[in-house]
Amino acid sequence: MSTADVLRDCAADNRAAFIAYLPVGYPDVPGSLDAMRAVVAGGADIVEVGIPYSDPGMDGPTIQAAAVQALRGGVRTRDALTAVEAVAAAGATPVVMSYWNLIYQYGVEAFARDLANAGGTGIITADLTPDEAGDWMTASEAHGLDRIFLVAPSSSPERLAYVAAHASGFVYAASTMGVTGTRAQVGASAEKLVADTRAAGAERVCVGLGVSNRQQAAEVAAYADGVIVGSALVAALTEGGPAAVEARAAEFAEGVRDHA
Amino acid sequence: MDYELFSPQHSELPQGPYFGDFGGRFVPEALIGALEEIGEAFAKAIVDPEFVAELQRLHAEYTGRPSLLTEAPRFSEHAGGARIFLKREDLNHTGSHKINNVLGQALLTKRMGKTRVIAETGAGQHGVASATAAALLGLDCTIYMGAEDCARQALNVARMRLLGAEVVPVEAGTRTLKDAINETFRDWVASVETTHYLFGTVAGPHPFPFLVRELQRIIGVEARAQIQEQTGRLPDAITACVGGGSNAIGIFHAFIGDEDVRLIGCEAAGSGIASGQHAAPLNDGRVGVLHGSKSVIMQDEDGQTLPSHSISAGLDYPGVGPEHAWLQSIGRGEYRPFTDDEAMAAFRLLCRTEGIIPAIESSHALAAALQVGRELGEGAIIIANLSGRGDKDVDTAGKYFGYLDAQAEEAETAEPVGAQDPAEAADTGDTAERSRS
C-alpha cells in the first residue's frame, strides 16, 4: 500500500498514522530486522528504514551512536532493501530514509528500481531538496515511488509551495529547528507549519523531530496526518531490545488514536 | 595597492551554485532560507562601497595587507634553477590566510543583524581567525574542533579561549575536521535565526564556495601585480596546498585566465597514496556529496566517507571544494600528492635556508615548488603560497625531527645542515629520527 493510501485509511479511521524510524544494522542487521518487525507488531503503519551514514549532519546523539555501531558492524546500503522486504512482509508500508550520497553512489535509478522491487514505496531525503533532485524526480516517476521532501519552520511560503509541488506521498514537516532527538516538547511552530504547508498545496503532512511519548503523539495527531517517531524507538531498542521497541511502539500507536 | 577586491560583475568564470558538474546545495530544507539570506546579503555587500571600504580598511590596518611577495633564493637553490617566490600569508595577523575570509564574513554577519558566529576548525587556524574577528567586531563565538585535533593543536585551543571563544571538542565520528563540520551544521540548524556559520573554506553548500573564494581572491590579485613588479612577467606556475582549498583558490583565481600560468594544487598524501592513509581526494577519490556540495571525496563503495590522514591537521579532510574538482575536470588545475615526509623535508629546508618557519599545510606547496622547479628548470618563476606560519606546528615538527627528546643534540649534529636534498632527507635521516621520537 502506498503511503498516501495508508494516510487516507488512517484519516478515514479518524486518526493519524504512526510512522516509525529505525536504522538498519543496529544493533546488527538481523537485530534491526527484528526491531522493525517489533514496531510493526506494536502498531506502526509506516516504517522508515534508515540507512546509517558516516556524516549524519541532521541527527542527534541517539541516532548518531546507532549509525556508528551499525557501520562498525559492516552494514551496507543493500541491507536496507532486505529490511524493506521484512517490513513489507510484516504488513506495514516501508519507506527509506537516507542521506543523499548513499543513494547517489548506489545509482539513483538502480536504487529506485531495487527499492520498488523490494516493496518499498518511497524515500525520505534528509539532505536533498527538490532543487537538486533532477535524477530522483525522473527515477521516482519511473518506479512509482514517493518523494518525501522536508519542510521546516524556517521555510518561506515560496519554499513551502515549491516543496509541496515536488513532493509525493506526504510532506515531512520538521517540528523544530534542530536535529533528531527526543524533546520535552514538540515545537509550538509545528501546528502552524502543518497548516501553512497544507495551504501551500500539500495534501498530506506528517510531523517528525522530538516526538518522545504518547501524549506528544496525541498532540501532534490532532493536526497532522502522521506522527513520526525515531530517537525514542532507537533508545528503547538500546535499552530493552525488540520487546521494548514493541512496547514503546504500542504507546505511540495508542497516542495517535487518543485525540479522537 | 590598487585592485578590484571582488570578481568583475560580468566575469565569465563560474560564480556558483555550480562549477561545471560540481557544487550545488545539498542541505536539509531547514538551512535553505539561511543560505539564501547569506547569498543575497553578500551580493548586496560586494557592490556597496561602504562594505568594500570597510573590508579594505581592515585588510590594510588590521591584517597588514598587502602581504609580501618574498623571493626565496637559498631555498630556490634546491629547485633546479627556478626562482621561487613566497606569497606571505603567514605574515597576516593571526598567521594565515584564514583572516581574509573571516573578516569579510564577520562584517556580513553584522549586516545580517546576527550576533553570533560558529565555525569548524581543523588545525585551529580558521578557529583562531574566527575568534579574532568575533572579538574585533563584538560577536559571540563558538568553535567546533575535533577532539583529535584539539590534542594535536592544544596551543590553538588556548588561543581561541584567550580570544573569548567557546571551544567545543567534537568526540563524534573520526574526531577530526569532517566531524567538526557536522557538529557545526547541527548547531546551526538550531540557532540559525541569530547565528551565522562562518564557513572556513571553499567547500560546503552554495554560496560558501563562491563567497569564500571571493574573500580569498585578494591573495592572487596581489600576487599577480607583485610578481610583475618584481620580475616583469607572470609566473610559470603557482603552487598551493589544498585541504578544502581556500588558500589555493584564493591565489589561483586571478590567474585562471592566464593560460600559461600552471595552477598546481598540493594534496596531502599522508603516508602515500597507495597506503590509503592520505587526504588526497583529487588523487584517489570519486564524485560524491559531502557537507552540502557535490565534489570529489574519499569514500568507500557505498559512499560512506573514509577517514583521512595527514600530519597536517589543516589538510586532514576527505573532501575538497567543488571549484577545484571543476578546475581538475577541465584540465586547468593540476592536483599532485605530497607525502608527510616530502612536506616535512620542505618544511625544514625553508626554515634553514630562509629563516621562515612555515605551516606544515603550506609545506606541501613548498615541496611542490621544489618539484616543479626541477621540472621547469633554469629561469622558471614559481610562486608558492605560504598560507600560514608554523608556530602552531613547532610541537609536531619538534617531535617529527626528534628535537624535543634527549637525542635532540645528536640529531642536530648528525645531519648536513640545509645542504641535503629534501627528498633524500625524507628517505634517510628524518625517517630514522622519527621512529625514535
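Each chain gets a letter, A, B and so on, in the order the sequences are listed, and its residues count up from 1. Please read all numbers here as calculations on a predicted model, not as lab measurements.
Both the backbone and the side chain of E301(B) come within contact range of chain A, each with at least one heavy atom under 4.5 Å from a heavy atom of that chain. Using a 4.5 Å cut-off between heavy atoms, I297(B) touches chain A through its side chain atoms alone. In this structure, chain B has no heavy atom under 4.5 Å from any part of A174(A). In this structure, the portions of S155(A) lying under 4.5 Å from any heavy atom of chain B include both its backbone and its side chain.
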Name each donor-acceptor pair under 3.5 Å that joins a side chain in residues 51-60 of chain A to protein atoms two or more places apart or in another chain, with its distance.
unit_1 : atom_1 : unit_2  : atom_2 : d
S54(A) : OG     : T305(B) : N      : 2.8
S54(A) : OG     : T305(B) : OG1    : 3.2
D55(A) : OD1    : K178(B) : NZ     : 2.9
D55(A) : OD1    : N182(B) : ND2    : 2.9
D55(A) : OD2    : K178(B) : NZ     : 3.4
D55(A) : OD2    : T305(B) : OG1    : 2.7
D59(A) : OD1    : T180(A) : OG1    : 2.8
D59(A) : OD2    : Y99(A)  : OH     : 2.8

Donor-acceptor contacts, no H, no angles, side chain residues 127-135 of chain A, under 3.5 Å, sequence neighbours left out:
unit_1  : atom_1 : unit_2  : atom_2 : d
D127(A) : OD1    : W100(A) : N      : 2.8
T129(A) : OG1    : D131(A) : OD1    : 2.6
D131(A) : OD1    : R159(A) : NH1    : 3.4
D131(A) : OD1    : R159(A) : NH2    : 2.9
D131(A) : OD2    : R159(A) : NH1    : 2.9
D131(A) : OD2    : R25(B)  : NH2    : 3.1
E132(A) : OE1    : Y18(B)  : OH     : 2.7
E132(A) : OE2    : Y18(B)  : OH     : 2.8
E132(A) : OE2    : R25(B)  : N      : 2.7

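The closest side-chain donor-acceptor pair between D302(B) and Q105(A), if any, does not fall under 3.5 angstrom.
Between chain A and the options E193(B), H291(B), E183(B), R286(B), heavy-atom pairs under 4.5 Å are most frequent for R286(B). Contact tally against chain A (heavy-atom pairs below 4.5 Å) for D187(B), L290(B), T184(B), L306(B): the top residue is L290(B). When each of V287(B), D179(B), D300(B), I181(B) is scored by its heavy-atom pairs under 4.5 Å with chain A, the top score falls to V287(B). Interface summary for chain B: among T125(A), L71(A), V68(A), I103(A), the most heavy-atom pairs under 4.5 angstrom belong to L71(A).
Inspection of non-hydrogen atoms places F26(B), V27(B), P28(B), E29(B), A30(B), I32(B) of residues 26-33 of chain B under 4.5 Å from chain A.
Listed by chain and number, the residues in a ring-ring contact (aromatic ring centres under 6.0 Å, His included) with W188(B) are Y197(B) (sequence neighbours excluded).
Within 6.0 Å of the CD atom in Q185(A), the count of heavy atoms belonging to other residues, nucleotides or ligands does not exceed 12. Heavy atoms from other residues, nucleotides or ligands lying under 6.0 Å from CD of E203(A) number 12 at most.
Interatomic distance, OG of S154(A) versus CD of E37(B), reported as 10.5 Å (0.5 Å rounding).
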Discussion item. Please evaluate residues Q64(A) and R186(B) with respect to the criterion side chain to side chain contact (heavy atoms under 4.5 Å, CB included), reporting the C-alpha separation (whole Å), side-chain torsions for both, the decisive distance (0.1 Å), and the verdict.
Written reply: CA-CA 12 Å; Q64(A) 280 180 50; R186(B) 291 183 189 116; 3.1 Å; yes
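Under the 4.5 Å side-chain criterion, counting only non-hydrogen atoms from C-beta, Q304(B) is not in contact with R76(A).
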